[in-house]
Amino acid sequence: MTPEIGAFAGRHVLAELRSIDPVLLDDPAFLRAALRVAVTEAGASVREVVDHRFEPQGVTVLALLSESHASVHTYPEVGALFADVFTCGHQADPVLAVRLLAAALGTTAVHMSVVDRGEKDVAASR
């Protein structure tokens with residue numbers, strides 16, 4: 001049985017990535033592109049990406065997805081980033097999106113929490 005796109009089920013990934021080059025973490029253009037590529041390659045449809053650079057450092061990037069959202073908030077001073085990726089339906093894989101983002105940032109220091117949301121039996125069938 002093929003699940004419906006937009007089903008009331010999804011996965012929500014909260015991740016902490018460490019050991020990242022601080023220069024990358026303070027570059028809004030790089031982060032926008034890296035997040036866009038990661039979620040797209042993971043099967044999501046990007047509608048819009050916005051960012052804000054903080055003074056003296058740090059960036060927040062938010063990607064509005066057809067499937068929900070993805071965001072990152074950086075801490076260049078400690079070489080770390082928090083990511084939040086939530087996708088509804090079964091087309092996009094938020095775990096893969098975080099792994100692709102980590103690869104783009106050159107780190108393997110990733111801690112993820114994954115929560116199945118919505119109709120648990122549908123979400124578990126993936």
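Note that these values count all heavy atoms, side chains included, but never hydrogens, waters or copies made by symmetry. We number each residue from 1, following the sequence as shown.
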Please name the residue in the list Val39, Val114, Val13, Leu14 that meets the side-chain contact (heavy atoms from CB on, under 4.5 Å) test with Pro94.
Val13
Kindly compute the distance separating CG (Leu35) from OG1 (Thr40), expressed to the nearest 0.5 Å.
8.5 Å
Do Asp84 and His69 have side chains that get closer than 4.5 Å, going by heavy atoms?
yes
State whether a side-chain donor-acceptor pair under 3.5 Å links Arg47 with Ser66.
yes
So CG of Leu65 and CZ of Arg36: to nearest 0.5 Å the spacing works out to 10.0 Å
Quick one: OG1 on Thr60 to CZ on Arg53, what's the gap to the nearest 0.5 Å?
11.5 Å
hydrophobic_cluster_shared for Phe86 and Leu100, side chain cutoff 4.5 Å:
no
Nearest-0.5 Å distance that lies between atom CG in Leu62 and atom NE2 in His73:
12.5 Å
Closest heavy-atom pair, Pro76 versus Gln57, reported as atoms and distance to 0.1 Å, is CG-CB, 4.2 Å
From CA spacing to verdict: side-chain contact (heavy atoms from CB on, under 4.5 Å), Asp51, Leu31
CA-CA 9 Å; Asp51 67 81; Leu31 293 164; over 6 Å; no
Grab the two heavy atoms, one from Asp93 and one from Val95, that are nearest each other, plus how far apart they are.
OD1-N, 3.0 Å
Would Val110 end up clustered with Val72 when hydrophobic side chains under 4.5 Å apart are linked, directly or stepwise?
yes
Short question: side chain of Thr74, backbone of Val59 - any donor-acceptor pair under 3.5 Å?
yes
For Gln91 against Ser45, the heavy-atom pair lying closest together
NE2-OG, 4.0 Å
Can you name the nearest heavy-atom pair linking Ala15 to Val98, along with the distance?
CB-CG1, 3.7 Å
Does any non-hydrogen side-chain atom of Met112 lie less than 4.5 Å from one of Arg99?
yes
Provide the closest heavy-atom pair for Ala42 versus Leu96 in the form atom of the first, atom of the second, distance.
CA-CD2, 3.9 Å
What I'd like to find out is whether the side chain of Tyr75 reaches to under 4.5 Å of the side chain of Glu16, using heavy atoms alone.
no
Would you say Ser19's side chain and Thr107's backbone share a donor-acceptor pair under 3.5 angstrom?
no
For Leu25 and Ala80, the nearest pair of non-hydrogen atoms, with its separation, is CD1-N, 3.4 Å
Check the pair Phe30 / Leu105 against side-chain contact (heavy atoms from CB on, under 4.5 Å), numbers first and verdict last.
CA-CA 10 Å; Phe30 170 80; Leu105 291 163; 3.5 Å; yes
